[in-house]
Amino acid sequence: MRKGLDGLAALVQEHLKKYPSSGHLFAFRGKKASTLKILGDGNGLCLFSKRLDQGSFIWPRMSDPGGTVMLSPAQLAMLIEGKIANLLRRISVSK
């Protein structure tokens with residue numbers, strides 16, 4: 001995943017029709033699923049990145065490519081920590 005802070009912020013605006021500085025967190029996974037980037041707004045935009053040495057981040061299937069997945073703070077923590085089995089049972093998918 002080559003996109004940085006500005007590239008991901010542009011994706012949020014153009015494809016999701018949201019503002020990166022809205023106070024929400026926006027998570028992105030690379031094609032190989034070994035990289036996770038989270039764009040957020042604190043006191044200015046910030047970017048969190050995590051790359052797995054082995055394994056991959058599991059993402060829910062989206063029926064609509066422009067859809068979103070709403071995560072609670074606990075679900076986001078499980079995604080970052082790799083506790084996927086519990087996460088997938090609790091995810092709600094919305095448009």
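Only a predicted model underlies this, so the values are computations on that prediction, with no experimental measurement involved.
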For R2 and K37, work out which heavy atoms get closest and say how close.
C-NZ, 4.4 Å
Shortest non-hydrogen contact between P20 and V12, atoms and distance:
N-CG1, 4.0 Å
Table please: side-chain donor-acceptor pairs of residues 24-35 below 3.5 Å, with sequence neighbours left out.
| residue | atom | partner | partner atom | Å |
| --- | --- | --- | --- | --- |
| H24 | ND1 | S22 | OG | 2.9 |
| R29 | NH1 | F57 | O | 3.1 |

In a check of side-chain contact (heavy atoms from CB on, under 4.5 Å) between K3 and each of L39, L47, L11, which one passes?
L11
Within 6.0 Å of CZ in F48, more than 12 heavy atoms from elsewhere
yes
Just checking K50: does its NZ atom have more than 12 heavy atoms from other residues, nucleotides or ligands closer to it than 6.0 angstrom?
yes
Using the rule that two of Ile, Leu, Val, Met, Phe, Trp, Tyr join whenever any of their side-chain heavy atoms come within less than 4.5 Å, decide whether I38 and Y19 are in one cluster.
no
